[in-house]
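Keep in mind that the numbers below use all heavy atoms, side chains included, and drop hydrogens, waters and symmetry copies. Counting convention: from 1, in listed order, for ligands and their atoms alike.
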Amino acid sequence: MSTGGAGSGGAGVGGLRLRKNVNNLGSDELAAFRQAVNSMMQVGDNRGYNFQAGIHGVPQFACRHNVELWLAWHRAYLYFFELFLEDQGAGVTLPWWDWTSNSSHTDGLPSAYTDAVGPGGSPNPLLKAQIQVMNPQPGWPAETSRNPDDPANLPTVDDVNTILALTSWADFWRQSVQPHNQVHGWVGGTMGVVPWSAYDPVFWAHHCMVDRLWYLWQVQNPNGGPDPMTLGKPLPPFNVTVGDVMDIHRLGYEYASSEIVIQG
Ligand SMILES: [Cu+2]
């Protein structure tokens, strides 16, 4: 597989694309990310936002959940999405939403995703997305919506640390499903239903957080699993195996380690 970026950009050191906490993006970085998402939403082919969102649920229904492959499948999903995103803005990477942070437990969703408009006065593409599928059925949503719960009900740092302390791969992948599901339900609306969740722009920030947690677990458990037989399994529709996505550096990205957020 190609491990390089589709574009020549990349914000990281050593050629790695650096994924950051969305609350740590500078205003220029956030503007560039929003611009790239907005551009990707205008692309009508398989490199476009709607096509990519449609891989997860309607119409392709290719996502895997509640199975050992679930983390690897979503890592591949984000990997290809990010390449197509970078095509629309050199150096743009997927940010993560840390739903355990103080600001999330106070304010809920990051303002990057809830602002009605961006600094330029144009609509914020991270607020919601149009859902464009072939042959829509009666009752299908035309755009995404949210119905967030009380911020206090988001998963906590303790919840995450408990899971990260697990040393068994089977325990880790099973128990990491829980905060993942909890956040989908917490956002509510489109995010709360598997057939549509990937259309909500915040889906990608949520799964980036989940992927980051898996990476943090991998750093602590370098031989932790999955077993060799599972590593050979394919992750359709992506032309990669579980083994291909085990090493994020081989995939060309890294998670920013600095977690210093100035609470204002
Ligand atoms: Cu999910």
Side-chain angles (χ1 to χ4, degrees), residues 19 21-22 37 40 49-82 84-85 93-101 104 108-110 112-114 126-129 131 133 141 143-149 151 153-156 159-160 163-164 169 172-218 226 235-238 240 242 245 248 251 253 255:
R19 294 182 179 175
N21 183 322
V22 69
V37 170
M40 195 172 162
Y49 186 93
N50 258 267
F51 185 94
Q52 291 298 311
I55 292 172
H56 190 269
V58 177
Q60 294 197 41
F61 285 106
C63 74
R64 307 293 301 270
H65 290 105
N66 304 314
V67 291
E68 187 180 2
L69 300 180
W70 87 279
L71 290 165
W73 190 90
H74 286 84
R75 176 169 287 173
Y77 191 31
L78 263 60
Y79 169 77
F80 288 105
F81 183 94
E82 188 175 59
F84 297 139
L85 184 68
T93 57
L94 282 174
W96 76 82
W97 168 31
D98 181 359
W99 19 256
T100 68
S101 69
S104 294
L109 286 159
Y113 289 83
T114 59
L126 306 180
L127 178 64
K128 60 183 177 184
I131 299 176
V133 289
E143 62 178 27
T144 60
S145 63
R146 298 170 186 151
N147 184 21
D149 191 9
N153 294 334
L154 284 164
T156 65
D159 294 338
V160 162
I163 293 168
L164 287 178
W169 162 244
F172 177 75
W173 76 254
R174 285 199 180 89
Q175 293 193 34
S176 56
V177 170
Q178 208 287 325
H180 158 264
N181 288 353
Q182 186 179 337
V183 172
H184 273 285
W186 183 92
V187 177
T190 306
M191 271 285 278
V193 285
V194 171
W196 302 109
S197 59
Y199 287 91
D200 187 326
V202 86
F203 171 96
W204 305 93
H206 171 40
H207 268 276
C208 196
M209 174 68 174
V210 171
D211 187 67
R212 175 175 162 267
L213 294 179
W214 182 24
Y215 170 67
L216 294 176
W217 187 86
Q218 288 183 294
L235 297 169
F238 313 112
V240 296
V242 174
V245 301
I248 68 169
L251 293 174
Y253 70 88
Y255 285 106

Next on the checklist: Looking only at the aromatic ring of each residue, does the gap between the centers of W204 and Y77 stay below 6.0 angstrom?
Outcome noted: yes
Checklist outcome for this item: Those residues at least two apart in sequence (or on a different chain) that pass ring-ring contact (aromatic ring centres under 6.0 Å, His included) with Y113 are none
Checklist entry - Hey, is the Cu ion (ligand 1) within less than 2.8 Å of some N/O/S atom on H180? => result yes
Checklist entry - Among pairs that include at least one residue of residues 178-203, which meet salt bridge (Lys or Arg N to Asp or Glu O under 4.0 Å), considering only residues two or more places apart or in two chains? => result R146-D200
Checklist entry - Is the H74 to W214 ring centre distance short of 6.0 Å? => result no
Checklist entry - Counting backbone and side-chain atoms alike, does H74 have an N/O/S atom under 2.8 Å from the Cu ion (ligand 1)? => result no
Checklist entry - Of all N/O/S atoms in H207, which lies nearest to the Cu ion (ligand 1)? => result NE2
